[in-house]
Amino acid sequence: MASGVAVLDVGTGSGTVASLAVSRGAVVVAVDAEPSMVALAAGRLPDVRLASLPGLPFEADRFDAAVANFVVNHVGDPLAAVAELGRVVRPGGRVAVTIWPHPQPVAQRLWADIFAAASVVRPPDLPRVDAAADFPRSVEGLSSMLRRGGFADVEGTEISWIHTTDPEAWWNGPAAGIGATGAVLAAQDASTRARVRSEFDRLTAPFTEADGRLALPTAAVLVSGRVA
């Protein structure tokens, strides 16, 4: 990445990707829809704002590139989301998007197993993508979404790795109500939350290494395209 490239990181979370771009000389603006994530990322990034897809507060053609990691799979209108990424990136610039694939890898499926073991009842009012707006959570499904959003030279792949993390870090995000998993957990009463924690400890135990950290197999779909 050339020094001075203007990059937008949408759904920055703790700012990991944005920080890597900054370390390579990029001029990065990071946004997130969750205030706690904005506050966390602000400790390591120079420009972090509260914003979400598909209504980004930037003029057209503002950036040279944009990234959106594990965001498009959560928005109500995925096509509008990828089109908005294209709007704020100049013609010839590139956009890269990641999603969790389906079937889910071990790390993502683990939370579903935990909830099932704890007899969690999912609240009926959780936000869902309308069937008419949804897309297959695969390389071809996401690639097709970018093509429909007006991108050219679309290319994609599925990548796999072992995610290592502290068990408390893996627990604390959902426990704070962050993401779809957090919304489910936040809707439970105290006794159910206690059961969830007990099942969390039990079902993550097989993935615990000698140093106490979790080693969770996971995967992601990565697709990028050029703004036409």
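Hydrogens, waters and symmetry mates are skipped; everything else that's a heavy atom, side chains included, is used.
Residues F135 and I99 form a side-chain contact, since some pair of their non-hydrogen atoms from C-beta on lies under 4.5 Å apart. Residues F115 and F200 have side chains not in contact (no heavy-atom distance under 4.5 Å, counting atoms from C-beta outward). Contact check for D32 versus V48: no side-chain heavy atoms found under the 4.5 Å cut-off. You'll find the side chain of L45 reaches within 4.5 Å of the side chain of V22, heavy atoms only. Using a 4.5 Å heavy-atom cutoff, the side chains of I178 and S36 are in contact. Residues W100 and R137 form no side-chain contact, since every pair of their non-hydrogen atoms from C-beta on lies 4.5 Å or further apart. When side chains are defined from C-beta on, L8 does not count as touching V67, because their heavy atoms never get closer than 4.5 Å. Residues D61 and V88 form no side-chain contact, since every pair of their non-hydrogen atoms from C-beta on lies 4.5 Å or further apart.
If you run side-chain hydrogen bond (donor to acceptor under 3.5 Å, both in side chains) between T218 and each of H163, R109, Q108, only Q108 comes through.
Cluster annotation: V97 is connected to F58 through the hydrophobic network of ILVMFWY side chains, with a link wherever side-chain heavy atoms come within less than 4.5 Å. V17 and V28 are members of different hydrophobic clusters when ILVMFWY side chains are connected at heavy-atom separations under 4.5 Å. A continuous path of hydrophobic side-chain contacts links V184 to V196 [ILVMFWY only; heavy atoms under 4.5 Å]. Using a 4.5 Å cut-off between side-chain heavy atoms of Ile, Leu, Val, Met, Phe, Trp and Tyr, with links allowed through other members, L216 and I114 fall into the same hydrophobic cluster. In the hydrophobic clustering of ILVMFWY residues, with side-chain heavy atoms under 4.5 Å counting as a link, L185 and F70 come out apart.
When atom types are taken as modelled, the side chain of D64 and the backbone of G93 share no donor-acceptor pair closer than 3.5 angstrom. Proximity of a side-chain donor or acceptor of Q188 to a complementary backbone N or O of V121 within less than 3.5 Å is detected. Between the side chain of R147 and the backbone N or O of L142 there is no donor-acceptor pair closer than 3.5 Å. Counting only distance, with no hydrogens or angles, the side chain of E84 and the backbone of L56 share a donor-acceptor pair below 3.5 Å. With hydrogens and angles disregarded, no donor-acceptor distance shorter than 3.5 Å links the side chain of S198 to the backbone of R195.
Under a 4.0 Å N-O distance rule, the pair R226/D153 qualifies as a salt bridge. Taking the charged nitrogens against the carboxylate oxygens, R193 and E199 have no contact shorter than 4.0 Å, which rules out a salt bridge.
In this structure, D113 CG and R202 CZ are separated by 9.5 Å, a value rounded to the nearest 0.5 Å. Note: T208 OG1 to L214 CG = 5.0 Å, rounded to the nearest 0.5 Å.
Between T12 and A41, the shortest heavy-atom contact is CG2-CB, 4.1 Å. R213 and T164 get closest at one heavy-atom pair: NH2-O, 3.2 Å.
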* Test R44 against S14 for side-chain contact (heavy atoms from CB on, under 4.5 Å), laying out the working first. => CA-CA 9 Å; R44 61 195 302 195; S14 62; 3.8 Å; yes
**OP:** With side-chain contact (heavy atoms from CB on, under 4.5 Å) as the test, would you mind laying out the steps for F63 and V5 before giving the verdict?
**Re:** CA-CA 8 Å; F63 299 96; V5 171; over 6 Å; no
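Side-chain N/O atoms of E140 and S138 include no donor and acceptor closer than 3.5 Å.
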